[in-house]
S.K.: 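A single structure is presented below for examination.
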Amino acid sequence: MKIFYSNVFKNYFFLTLTLFVSEVIFRIITGLNIIDWSMLRIFVGINIISLLVAGIGSFLGRLGNNILSFIVALAYGIYAVAQTGFYNYLGVYISFGTTSQAGAVRDYFTDYIQSFQWNYWLILIPVVFLAFFYLFIDPRIKLMQRNETIDFSDKFDTEERKTLNNKYRKMKEKRGFWTGIASSLILAIAFVGVWYSTLILPMFQNKLQIASTKSLFDNPSIPNIAMSQFGFTGYFVVDVKALLFPSNVEEKTDFDNSFELVEQVQSDFTRHIDSSTWEKIIAEEKNSNYRKLSNYYISQEITDKNNFTGIFKDKNLILIMMESTNNIAINEEYYPNLYKLYNEGWAWDNSYSPRNACSTGNNEMSGMVSLFTINNSCTANNYMNNVYPESIFNLFNNADYTTSSYHNYTDQYYARTTIHPNMGSGKYYGVQALGIPYNNVYQEWPSDVELVDKMLEKTEDQERFMVWMTTVSAHQPYTVNSELGSKHLDMFKDTNYNISLKRYMSKLKEFDLAIGELLDGLEKQGKLDDTVIVLYADHYPYGLTDATIQNYLGTSIKDNEIDRTPFIIYSTGIQAQKFDEYTSYMNIVPTVANLFDLDYDPRYYAGHDLMDKNYEDRVIFADGSWRDKKAYYNASTGKVTYVDDNDKYSDEVVASINKDIKNRISMSNLAIRTNYFKYLYSKIDEYEKAQEESVQGAEKEENTNSE
């Protein structure tokens, strides 16, 4: 026990041991790599934290140091358990930059806690052992120190010996105190150097990682990868640093500031776009971010038209983002209206709605503008004042459609009253504007049937319209009783489903009735044949446990398979078809724009036209993971899993795919942060007006000279 006589060393050693064992348990539970260079970085980082805590605690005395070390260990343990719960519940680790996540958990705290699995609490076992040590072992060490004496019996009497031994102990404690402080400082500095070297030395980097570890230290913009590389101990520190000292450093891309226009092979399907004005803007651009963005976007491919171009030209469009909907909804017995659209329209069976920091608001935004939202940000809210001239609303506005959007809830979670008009919606109707009764108690949500009825009233006299609807009836919670959760329970009374699943399916039935109401209403108005209905989901019903979803679907939900959701395009008269291309909401804008033959530039979007013959057939998840017909790449672990081990990508191909994805995400994020597309369109307008005035001036001068 003598090695623990130094209080600084003792607390440093046991805090390091506690946090590192907790990290190992955390990684086992969350499926992160254990045999990996990141573990060295995490271990070194824990040493730095423990040394600092022990050094600071030494000024508080023995008891104060013990209490401080235990509080730090307990706080980190609770933080790790909470992060594990967030990852399971929302599919992303929480960031201090995302206040909406905390709000979601606050409002659905019961569901959040009930989603916990028993093994999450194993993370706290090392903390329990630390408490045991401080309560039962450390007092014995302290007693041994007090009983340690020097034999002065030959020279001094009993009282003198006692006085000398007290002086000896105080001298030893003082020497140990300053030795501990000095040692802690020297070791901490040394460990900081080692830790930083793991950020920059090539041997510590995963060559397939989509974001560099150094960039994640500057800005933990992809929490899933940052958590993998820094552990929960380091991620907490880096996240706090980013909150207190925001970095202006953007993730470096593999795209430089020069551009080369992609040469188009001319054919009857060539989409002709004049880029001359854009090139002039780039040539004169002084702002480095705008120049980088323009160079990137102008160099992207202008996809050709195809056999599907204009198939829905001049028809109406109703685009519906379905709340909390996955393939449970594809059931003819329970949901005949939705099944009709799925079975008689076009359906993509490999469609996904990847979760991120604020899945509903961010995925609605991506569905409108085809940009990757900022992974650790509630982007829709944080950048609500941005303007997007290239949005789906503005494409239809430019085609002389009447555009509007509808949602049957308030702005409590997302500022749609601001966001939708800035997206280009001609008129946004929230629950109050529609006059739909609602209850702000989170169990109760308005009926989607009422939402459809109100929308049909508003559009009845419109000749050509484009409508966006965001539904809400299927919203969690499912663990407590609610009006819609109980309304259709009798339909499932003969099933062996658990009560949470039955309540969810009851709510989903209300949405299916809304689809039936929509079809009937359009037919009565004589508009059904002239209207296209597009449906996608904001996310799967994460108010249900993973086990419940897996048991119902009967398929694995690992490797982002839980994010599989329906994507349907329906119009009377089209030939029913099932597509197997991998896709997500990122591809909605360019696909719809092509189907309606709208005037749009495909280069502006991170997604692609699903009908393009060169469609890449790959879905990209929020953290940079991806899946296609051959493989699944996990961005958190940097590993690739193949469908067929005999048919693999080379490392060079994987690196090339990751490079493209990295650029698409980084450029989308930078475009959002700088409000780039508003700037670009204003510059184009400015140049075109100047050119028009120049032409008019030349004509006027020519007329004057001729006179």
Side-chain angles (χ1 to χ4, degrees), residues 259-279 296-319 345-348 351 366-371 388-401 403 424 464 466 529-534 536 567-619 660 664 677 680-681 684:
F259 73 89
E260 182 177 346
L261 295 179
V262 177
E263 184 177 350
Q264 288 182 282
V265 178
Q266 300 299 308
S267 71
D268 293 339
F269 291 106
T270 299
R271 193 184 304 276
H272 297 282
I273 298 177
D274 183 2
S275 300
S276 57
T277 300
W278 200 356
E279 291 177 42
Y296 173 77
Y297 282 112
I298 200 172
S299 68
Q300 300 306 295
E301 180 185 7
I302 301 175
T303 54
D304 288 340
K305 297 183 179 182
N306 50 60
N307 291 328
F308 291 89
T309 301
I311 194 172
F312 298 140
K313 188 175 179 61
D314 294 328
K315 288 197 172 189
N316 304 311
L317 171 66
I318 298 176
L319 206 158
W346 298 340
W348 279 259
S351 170
S366 291
M368 293 177 175
V369 297
S370 186
L371 293 174
Y388 301 92
E390 82 288 7
S391 74
I392 193 167
F393 290 110
N394 283 316
L395 294 182
F396 280 92
N397 286 333
N398 296 337
D400 295 324
Y401 277 71
T403 62
R464 285 201 315 167
M466 176 266 164
D529 292 342
D530 294 323
T531 302
V532 179
I533 302 173
V534 177
Y536 82 102
F567 176 52
I568 301 168
I569 297 177
Y570 174 82
S571 180
T572 59
I574 63 172
Q575 184 177 354
Q577 190 171 348
K578 299 293 183 293
F579 298 87
D580 64 356
E581 283 82 7
Y582 283 81
T583 185
S584 75
Y585 44 71
M586 295 300 301
N587 300 314
I588 290 175
V589 177
T591 300
V592 168
N594 177 66
L595 293 172
F596 281 78
D597 196 19
L598 301 176
D599 182 14
Y600 78 108
D601 191 332
R603 296 173 294 181
Y604 292 161
Y605 307 103
H608 296 104
D609 174 16
L610 283 167
M611 302 307 184
D612 181 52
K613 64 180 180 180
N614 296 319
Y615 176 68
E616 67 180 1
D617 198 5
R618 181 175 298 115
V619 62
D660 173 63
R664 286 160 69 179
F677 286 103
L680 176 62
Y681 272 71
I684 291 174

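These figures come from a predicted structure and were not determined experimentally.
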S.K.: Starting at CD1 of I568, measure out to CD1 of I533 and round the result to the nearest 0.5 Å.
M.R.: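 One gets 10.0 Å once the value is rounded to the nearest 0.5 Å.
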S.K.: Quick one: CG on L595 to CZ on F308, what's the gap to the nearest 0.5 Å?
M.R.: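 It is 8.0 Å, given to the nearest 0.5 Å.
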S.K.: As an exercise, state the distance from NZ of K613 to CG of D304, rounded to the nearest 0.5 Å.
M.R.: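 So the gap between those two atoms works out to 6.0 Å.
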S.K.: Run the side chain to side chain contact (heavy atoms under 4.5 Å, CB included) test against Q577 and tell me which residues pass, sequence neighbours left out.
M.R.: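 Checked Q577 against side chain to side chain contact (heavy atoms under 4.5 Å, CB included); matches are W346, F579.
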S.K.: Just to verify, what does D612 make a salt bridge (charged side-chain N to carboxylate O under 4.0 Å, His left out) with, not counting sequence neighbours?
M.R.: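 Applying salt bridge (charged side-chain N to carboxylate O under 4.0 Å, His left out) to D612 gives none.
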S.K.: Are side-chain heavy atoms of L317 and V592 found at a separation under 4.5 Å?
M.R.: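 The answer is yes; the side chains approach within 4.5 Å.
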S.K.: Is any side-chain heavy atom of N614 closer than 4.5 Å to one of E301?
M.R.: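 Answer yes - side chains close enough.
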S.K.: Is there a donor-acceptor contact under 3.5 Å linking the side chains of K315 and T531?
M.R.: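 Checked: K315/T531 side chains show no N/O donor-acceptor pair below 3.5 Å.
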S.K.: State, to 0.1 Å, how close G424 and T403 come at their nearest heavy-atom pair, and which atoms those are.
M.R.: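 Heavy atoms of G424 and T403 come nearest at O-OG1, 3.5 Å.
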S.K.: Just by distance, with hydrogens left out, do R271 and T309 show a side-chain donor and acceptor under 3.5 Å apart?
M.R.: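 Side chains of R271 and T309: no pair found under 3.5 Å.
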S.K.: Could you pull out all donor-acceptor pairs under 3.5 Å where a side-chain atom in residues 580-591 meets a protein atom, sequence neighbours excluded?
M.R.:
{"residue": "T583", "atom": "OG1", "partner": "N587", "partner atom": "ND2", "Å": "2.9"}
{"residue": "S584", "atom": "OG", "partner": "M586", "partner atom": "N", "Å": "3.2"}
{"residue": "Y585", "atom": "OH", "partner": "P354", "partner atom": "O", "Å": "2.9"}
{"residue": "Y585", "atom": "OH", "partner": "N363", "partner atom": "OD1", "Å": "2.8"}
{"residue": "N587", "atom": "OD1", "partner": "H608", "partner atom": "N", "Å": "2.8"}
{"residue": "N587", "atom": "ND2", "partner": "Y615", "partner atom": "OH", "Å": "3.1"}
{"residue": "T591", "atom": "OG1", "partner": "N587", "partner atom": "O", "Å": "2.6"}
{"residue": "T591", "atom": "OG1", "partner": "L610", "partner atom": "N", "Å": "3.0"}

S.K.: Do the side-chain N and O atoms of D609 and N594 include a donor-acceptor pair separated by under 3.5 angstrom?
M.R.: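 Indeed, the side chains of D609 and N594 share at least one donor-acceptor pair under 3.5 Å.
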S.K.: Residues in salt bridge (charged side-chain N to carboxylate O under 4.0 Å, His left out) with D314, at least two apart?
M.R.: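 Salt bridge (charged side-chain N to carboxylate O under 4.0 Å, His left out) list for D314, sorted by chain: R464.
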S.K.: Would you mind reporting whether N398 and Y600 have side-chain heavy atoms less than 4.5 Å apart?
M.R.: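 They are not in contact (no side-chain heavy atoms under 4.5 Å apart), so the answer is no.
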S.K.: Are any side-chain N or O atoms of S351 and backbone N or O atoms of W348, one a donor and one an acceptor, separated by less than 3.5 Å?
M.R.: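 Judged by distance alone, no pair lies under 3.5 Å.
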S.K.: Under the ring-ring contact (aromatic ring centres under 6.0 Å, His included) rule, collect the residues that match up with Y604, sequence neighbours excluded.
M.R.: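 Here the qualifying residues are W278, F677, Y681.
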S.K.: Can any side-chain N or O of R603 pair as donor or acceptor with the backbone N or O of Q300 at less than 3.5 Å?
M.R.: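 No; zero donor-acceptor contacts below 3.5 Å.
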S.K.: Side chains of K305 and D597: closer than 4.5 Å at any heavy-atom pair?
M.R.: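 Yes; the side chains approach each other to less than 4.5 Å.
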S.K.: Just verifying a value: how many Å separate D660 CG and E616 CD, rounded to the nearest 0.5 Å?
M.R.: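 D660 CG to E616 CD: 6.5 Å, rounded to 0.5 Å.
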S.K.: Which of these passes side-chain contact (heavy atoms from CB on, under 4.5 Å) with N397: L395, N394, D400?
M.R.: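 Filter result, single survivor: N394.
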S.K.: Mind listing the closest non-hydrogen atom pair of I273 and P602 along with its distance?
M.R.: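 Heavy atoms only, the tightest pair is CD1-CD, 3.8 Å.
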S.K.: I need the I298 CD1 to Y296 OH distance, nearest 0.5 Å.
M.R.: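 So the gap between those two atoms works out to 13.5 Å.
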S.K.: Given side chains that start at C-beta, do those of E390 and D601 come closer than 4.5 Å, heavy atoms only?
M.R.: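 Contact flag for E390/D601 side chains = no.
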S.K.: Which is it for F596 and Y401 under the side chain to side chain contact (heavy atoms under 4.5 Å, CB included) test, yes or no, and what are the steps along the way?
M.R.: CA-CA 12 Å; F596 281 78; Y401 277 71; 3.9 Å; yes
S.K.: Sub-3.5 Å donor-acceptor pair from the side chain of S391 to the main-chain atoms of V369, do we have one?
M.R.: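 Checking the backbone N and O of V369 against the side chain of S391, no donor-acceptor pair under 3.5 Å is found.
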S.K.: Run the side chain to side chain contact (heavy atoms under 4.5 Å, CB included) test against D529 and tell me which residues pass, sequence neighbours left out.
M.R.: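 Applying side chain to side chain contact (heavy atoms under 4.5 Å, CB included) to D529 gives T572.
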S.K.: I want to check something: taking the side chain as every heavy atom from C-beta on, are L319 and M368 in contact at a cut-off of under 4.5 Å?
M.R.: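 Side-chain contact under 4.5 Å: no.
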